[in-house]
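Start at 1 and go down the list; that is how both ligands and their atoms are numbered. Positions are given from 1 along the sequence. For the numbers below, each heavy atom of this structure counts, side chains included, while hydrogens, waters and symmetry mates do not.
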Amino acid sequence: MNDEFTLYDLKVEVIGSDKPMVCSHEVGDYFLVKGENLVFPQNSSFSMYSLAALLPLLPAKQRELHENDWMLSDSVIACPDPNCGARFKITRIGTRTLRHSECTVESIRSKNDDLINQTEEHENE
Ligand SMILES: [Zn+2]
């Protein structure tokens, strides 16, 4: 059975704004997202506070989204320090084909299984 699926590879890059940056960011600093991995170029650093703010968004940006989903249109994220002018631009830079069987030991479930399970959970509440 073909268990392939596709994710986008991402580039997350520091861009400026009209406010000065107060953290250690440098315009042009970046990291890549390839599958489950974050790839940092050599001799580069990245603020752990900014990384913490960005991490929840990355799996969603890797995936196909509904054309009306705000997660698709919004790609510039502010630094979590309210006094810092840094922004981080998330760009899709390509696609990567992965196999379900190489990412998990769980079996592939149909969409209907999730609906049935949700219904059962509500009935048991
Ligand atoms: Zn900052």
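Ring planes of Phe88 and Phe46: tilted class, angle from 30 to 60°. Using a 30° and 60° split on the angle between ring planes, Phe40 and Phe31 fall in the tilted class, from 30° to 60°.
Within the 3.5 Å criterion, the main-chain N or O of Ile93 finds no donor-acceptor partner in the side chain of Thr91. Under the 3.5 Å distance criterion, the side-chain polar atoms of Asn37 are left unmatched by any main-chain donor or acceptor of Val39.
Protein atoms of type N, O or S found under 2.8 Å from the Zn ion (ligand 1) total 4.
Looking at Lys34 and Asp9, no side-chain N of the basic residue comes within less than 4.0 Å of a carboxylate O on the acidic one, giving no salt bridge.
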Show which side-chain atoms of residues 55-66 pair as donor or acceptor with protein atoms under 3.5 Å away, not counting sequence neighbours.
residue	atom	partner	partner atom	Å
Lys61	NZ	Met71	O	2.7
Lys61	NZ	Leu72	O	3.4
Lys61	NZ	Asp74	O	3.1
Lys61	NZ	Ser75	OG	2.9
Gln62	NE2	Gly35	O	2.8
Arg63	NH1	Pro59	O	3.0
Glu64	OE2	Tyr8	OH	2.6
His66	ND1	Asn68	N	2.9

